[in-house]
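Here's the structure, in structure tokens; my notes come after.
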Amino acid sequence: MKKFKYIRPNNLKDACSILKRENDIKILAGGTDLLVQIKDRMKTPENLLDITYLSELRVIRNNSNYLEIGALSTHQDIIDSDLVSNNAGILQQACIQIGSPQIRNRGTIGGNIINASPAADTLPPLFTLESELILISESGERTVKIKDFFQGPGRSIIEPNEILKSIRFKKHSNWLGHFKKLASRKALAISKLSVAGLFLVNNGTIDQARIAFGAVGPTILIGKDTVALILNKKISSISEKEISDAVIKDISPISDLRSTQEYRKAITTILVQRILQNLMKA
Amino acid sequence: MEHTIKLKVNGISYDVRVQSKRSLLSVLRDDLGYIGVKEGCGAGECGACTIIMDGKAINSCMVLAVEADGSEILTIEGLSDGDNLHPIQKQFIEKGAIQCGFCTPGMILTTYEFLKRNPDPTEDEIKVAISGNLCRCTGYVQIIEAITAAAKEMKSNKEQ
Ligand SMILES: Cc1cc2nc3c(=O)[nH]c(=O)nc-3n(C[C@H](O)[C@H](O)[C@H](O)COP(=O)(O)OP(=O)(O)OC[C@H]3O[C@@H](n4cnc5c(N)ncnc54)[C@H](O)[C@@H]3O)c2cc1C
Ligand code: FES
Ligand code: FES
């Protein structure tokens, strides 16, 4: 591992001014992505800013219509939170499937977002929740919609001097959410593909729907055609062929070492079908 | 760059000089002699390096020693009460859940944290709990039996 300077700020303000002052600096949260990248020399920062002790960034709170999750909340914090289970159960379904207990105890939602992998498991649920990201720097805060945030694998519009402070979204207590991921085994495996679906269902008819796909494009993809197909329809009236056609229009998977393009298309269709079947049971 | 950090390991306080790039795993093993902490993959995949840090099971290969400054750590060396083994340790021996023993410290510490949160687990919950700990010898059946028996023993110890 290359040498670096380790810096622990006293508070958020301090962290922002260090980020402004230092060049070549990386933020360290749970380290479950970054320390592997530093070890493998994929990243070689001169300075590491350890924000793990900024407890103000680890709060999950109710904000009238909104739920706000501090960026340093670990996957386990989110799994343990009643506020999240009552208002955004779909996010918990993703966190439960991340890595292993040890990774969930350490890895944070903020790190999962900023690492910007198209396979990051919290992202499809956060897209269906229409989340907003609150970024802070020395010059103040700004709020960005998650759908405008990512630019490609590992890339987003966050500036080097900014910290992701929190994630916020409207409460979705009456919505039914499902997150499904396919990986080579249950634990400790990166998603080959994933689907999140969030719905308001009334007497078997889908009144509102949001669908997002992970690991089938350079960033998370929104299921526009699939949503258009199922909206205001009785779930039982939608055919498999229709679903498959819509899903294939929505996604642009590639072949890589984890899976092939054809396989990803076929399985994504099946996962969407399963989610709709689950909805019929509810 | 070097830092002086404070660690409390199994109740003993240490001041250690460490370079910022050192992992907590290597400092526990090489500087402080806690060789029950094992290095398998060095990348968060195998759980051999699991320790309890401030009450949570974590992979010590994925934490910098400087990050652990000020924290309390439990390693396998600190689990028994003197010569009296912890019920989890006893049951691992009893049920034949140890062969080469390389995965055992991590497996037992993961179990220790898990049973604190969930004293009466189902078999499926146990499987999820140890999903971050790989064993290449025993085959998990005995490990799951040992955890089930340890949970029972700990419960009845508490009720007495
Ligand atoms: C064995 C293993 C299994 C894994 N399994 C999964 C899995 O199943 N699903 C999955 O999605 N991921 C998985 N991961 C990846 C990883 O654990 C997650 O992405 C985790 O949420 C990253 O969070 P972190 O706090 O560890 O991030 P870090 O590694 O600390 O940081 C990641 C990146 O985000 C930046 N960053 C972190 N926090 C902030 C912030 N608040 N503001 C600005 N920048 C920030 C860092 O600078 C860095 O570039 C796995 C990793 C390992 C090692
Ligand atoms: S050595 Fe740490 S998880 Fe394998
Ligand atoms: S006993 Fe050998 S690895 Fe588990």
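The model shown is predicted, which means the values in this text are computed figures rather than measured ones. Labels below follow one simple rule: chain letters A, B, ... track the order of the sequence lines, proteins then strands, and each chain is numbered from 1.
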How many angstroms lie between CG in Asp50(A) and OG in Ser20(B), if you round to the nearest 0.5 Å?
-> 11.5 Å
To the nearest 0.5 angstrom, please state how far the OG atom of Ser100(A) sits from the CG atom of Leu134(B).
-> 9.5 Å
Min side-chain heavy-atom separation [X]-[Y] under 4.5 Å:
X: Tyr6(A); Y: Met1(B); answer: no
X: Arg8(A); Y: Val66(B); answer: no
X: Ile38(A); Y: Lys21(B); answer: no
X: Asn133(B); Y: Gln102(A); answer: yes
X: Phe4(A); Y: Leu64(B); answer: yes

Identify which part of Leu34(A) has an atom lying under 4.5 Å from any heavy atom of chain B, answering side chain, backbone, both or neither.
->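 Contact with chain B is absent: no heavy atom of Leu34(A) under 4.5 Å.
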Where does Leu48(A) contact chain B at under 4.5 Å (heavy atoms): side chain, backbone, both or neither?
->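 Just the side chain, heavy atoms under 4.5 Å.
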Contact part of Ser23(B) toward chain A, heavy-atom cut-off under 4.5 Å: side chain, backbone, both or neither?
-> neither
Interchain contact, Ala129(B) with chain A, by part (heavy-atom threshold 4.5 Å) =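 For Ala129(B), the contact with chain A is made by the backbone alone.
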Is the [atom1] atom of [X] crowded by more than 12 outside heavy atoms at less than 6.0 Å?
X: Ile35(B); atom1: CD1; value: no
X: Arg274(A); atom1: CZ; value: no
X: Asn157(B); atom1: CG; value: yes

Worked verdict on Asn105(A) versus Met53(B) for side chain to side chain contact (heavy atoms under 4.5 Å, CB included) = CA-CA 10 Å; Asn105(A) 274 341; Met53(B) 185 166 120; over 6 Å; no
Residue pair Gly132(B) / Pro101(A): nearest heavy atoms and the distance that separates them | N-CD, 4.0 Å
Which one, Arg22(B), Gln19(B), Lys56(B), leads in non-hydrogen pairs under 4.5 Å with chain A?
-> Lys56(B)
Glu67(B) and Arg106(A) ion-paired at < 4.0 Å = yes
